[in-house]
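Notes for the one structure printed next.
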Amino acid sequence: MSELTPDLLRELVAEARLAPSVHNIQPTRWRLALVDDVSVRAPVADPAGHDVLVSHGAALEGMSLALNRRGLAITGMTTIEQPLSPQFTALCSFAVRQGVAPDPLAGHVARRMSWPGKFAASPDDAAALAQLAAARDDVICIGDRQAIAEIADWADQAEFSFVRDDDYRQELLAWMRLSPSHPHYLQDGLNRDALAMNAVEASAARFVLGGLFRPLDRLGIAASLLADSAKTASASAIVLFCRPVGEDPLTTGRHFYRIWLEIDRAGFAACPISALSDHPDFNDRLRKLGKVGGDLRLVNVFRVGRPPKPLKPRHFRLPVDRLIV
Ligand SMILES: Cc1cc2nc3c(=O)[nH]c(=O)nc-3n(C[C@H](O)[C@H](O)[C@H](O)COP(=O)(O)O)c2cc1C
């Protein structure tokens with residue numbers, strides 16, 4: 001067994017925090033356990049708290065990869081769910097052991113990022129992505145152009161049905177940092193750089209998702225102003241991420257992060273489209289289209305492709321000191 005010193009824990013957390021989280025809310029805290037900050041939630045977008053648990057799972061995988069880079073591994077993991085204070089609950093404790101084979105995905109942690117923009121046309125990519133999917137039994141890859149165009153349309157319909165809810169828009173705006181003067185701009189949530197928006201687009205988004213939404217919706221133009229279908233339709237493939245029904249969401253989250261790192265390793269970029277998996281009707285349509293077996297849950301959907309230019313990795317994360325409690 002190896003000793004986890006305070007300095008080593010800081011180093012590990014600095015890397016584990018690069019894991020993706022829903023809306024970049026970063027609900028995970030650390031001590032010699034994975035700790036849930038129960039004050040960090042997106043209750044409208046994620047009413048069941050499933051995405052928070054998937055985000056914790058991704059952070060746990062991030063910790064495992066950070067340890068791996070130092071020849072260490074998580075051992076003796078125990079699920080505890082132990083309240084520490086009104087704000088913090090320890091979810092699982094673990095120890096650390098020495099001696100582990102290098103994980104080929106560990107080198108991709110610092111490079112992986114969400115790519116929210118359009119993809120470059122690249123006709124041969126579907127085959128490469130199908131190969132990636134063939135290596136995993138939890139991934140289904142849809143590369144047919146017509147099917148992708150249809151899914152792009154479904155994604156807009158699904159997203160818009162959520163956006164119509166006042167509370168959803170309010171929560172989304174609360175996690176958006178549309179001006180660099182926002183005090184958390186570089187730390188959490190969805191900022192202009194992460195959303196690939198310029199200043200004009202960001203101001204427009206503030207109005208369209210804010211006070212102007214209802215009048216624009218009455219005029220029938222809100223949906224087209226928020227449409228993302230051109231981006232989704234530009235993807236080389238739509239990837240369905242499916243995990244066993246009833247699986248522990250922390251395990252699901254670990255695999256969610258690993259498949260995203262696999263996508264990066266194959267030279268692609270990705271962006272999740274949670275609205276498609278969260279909306280029961282579109283989830284059902286996608287299950288049928290992808291022939292997802294009854295023993296699997298369609299957990300999330302990625303659009304995947306080649307970014308138009310090499311991505312400069314950027315990460316907007318809370319300082320390490322805030323993450324160790
Ligand atoms: C469970 C989960 C669901 C997500 N859903 C979406 C989504 O629907 N749309 C989106 O653009 N990003 C989605 N993301 C990506 C996060 O917004 C992103 O990981 C976070 O902002 C951190 O940015 P990074 O991935 O560039 O490091 C999701 C991430 C997780 C973990």
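Position 1 is the first residue of the sequence; numbering continues from there. When a ligand or atom number is given, it counts from 1 through the structure's own listing order.
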Geometry only, no angles: is [X] polar-contacting ligand 1 at N/O separations under 3.5 Å?
X      : value
Arg112 : yes
Ser274 : yes
Arg317 : yes
Ser55  : no
His315 : no

Considering the heavy atoms of [X], write down every atom of ligand 1 situated less than 4.0 Å from one of them.
X      : answer
Met113 : 26 (O)
Leu190 : 17 (O), 21 (O)
Cys271 : 10 (C), 11 (O)
Asn300 : 3 (C)

Flag if over 12 foreign heavy atoms under 6.0 Å of CZ, Arg145: yes
Other residues, nucleotides, ligands: >12 heavy atoms within 6.0 Å of Arg206 CZ: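 For Arg206, atom CZ is crowded (more than 12 foreign heavy atoms under 6.0 Å).
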Heavy-atom donor-acceptor pair, Asp264 side chain to Ala269 backbone, under 3.5 Å: no
Donor-acceptor pair, side chain of Arg317 and main chain of Ala19, under 3.5 angstrom: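 Flag set: sc Arg317 to bb Ala19 pair under 3.5 Å.
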Of the protein's non-hydrogen atoms, which lies at the shortest distance from [atom], and what is that distance?
atom                    : answer
atom 30 (C) of ligand 1 : Val22 N, 3.6 Å
atom 26 (O) of ligand 1 : Ser114 N, 2.8 Å
atom 21 (O) of ligand 1 : Asn24 CB, 3.2 Å
atom 19 (O) of ligand 1 : Pro20 CB, 3.1 Å
atom 20 (C) of ligand 1 : Ser21 O, 3.5 Å
atom 13 (C) of ligand 1 : Pro272 CG, 3.5 Å

Partner of Thr252 under side chain to side chain donor-acceptor pair (under 3.5 Å), chosen from His50, Arg243, Glu247: Glu247
[X] near ligand 1 by a heavy-atom separation under 4.0 Å:
X      : answer
Trp260 : yes
Phe256 : yes
Asp46  : no
Pro116 : no

Carboxylate-amine/guanidinium proximity below 4.0 Å for Asp46 and Arg41: no
Under 3.5 Å side-chain donor-acceptor pair for Arg17 and His315: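 No - no donor-acceptor pair under 3.5 Å links their side chains.
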Ser277 side chain to Asn283 side chain, donor-acceptor N/O pair below 3.5 angstrom: no
Met63 side chain reached by Phe94 side chain, heavy atoms, under 4.5 Å: yes
Ring geometry between Tyr168 and Phe162 (parallel below 30°, tilted from 30 to 60°, perpendicular above 60°):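 Phe162 vs Tyr168 ring planes: parallel.
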Parallel, tilted or perpendicular: ring planes of Phe302 versus Trp260, cut at 30 and 60 degrees: perpendicular
Candidates Phe213, Phe282, Trp154 - the one meeting ring-ring contact (aromatic ring centres under 6.0 Å, His included) with Phe160: Phe213
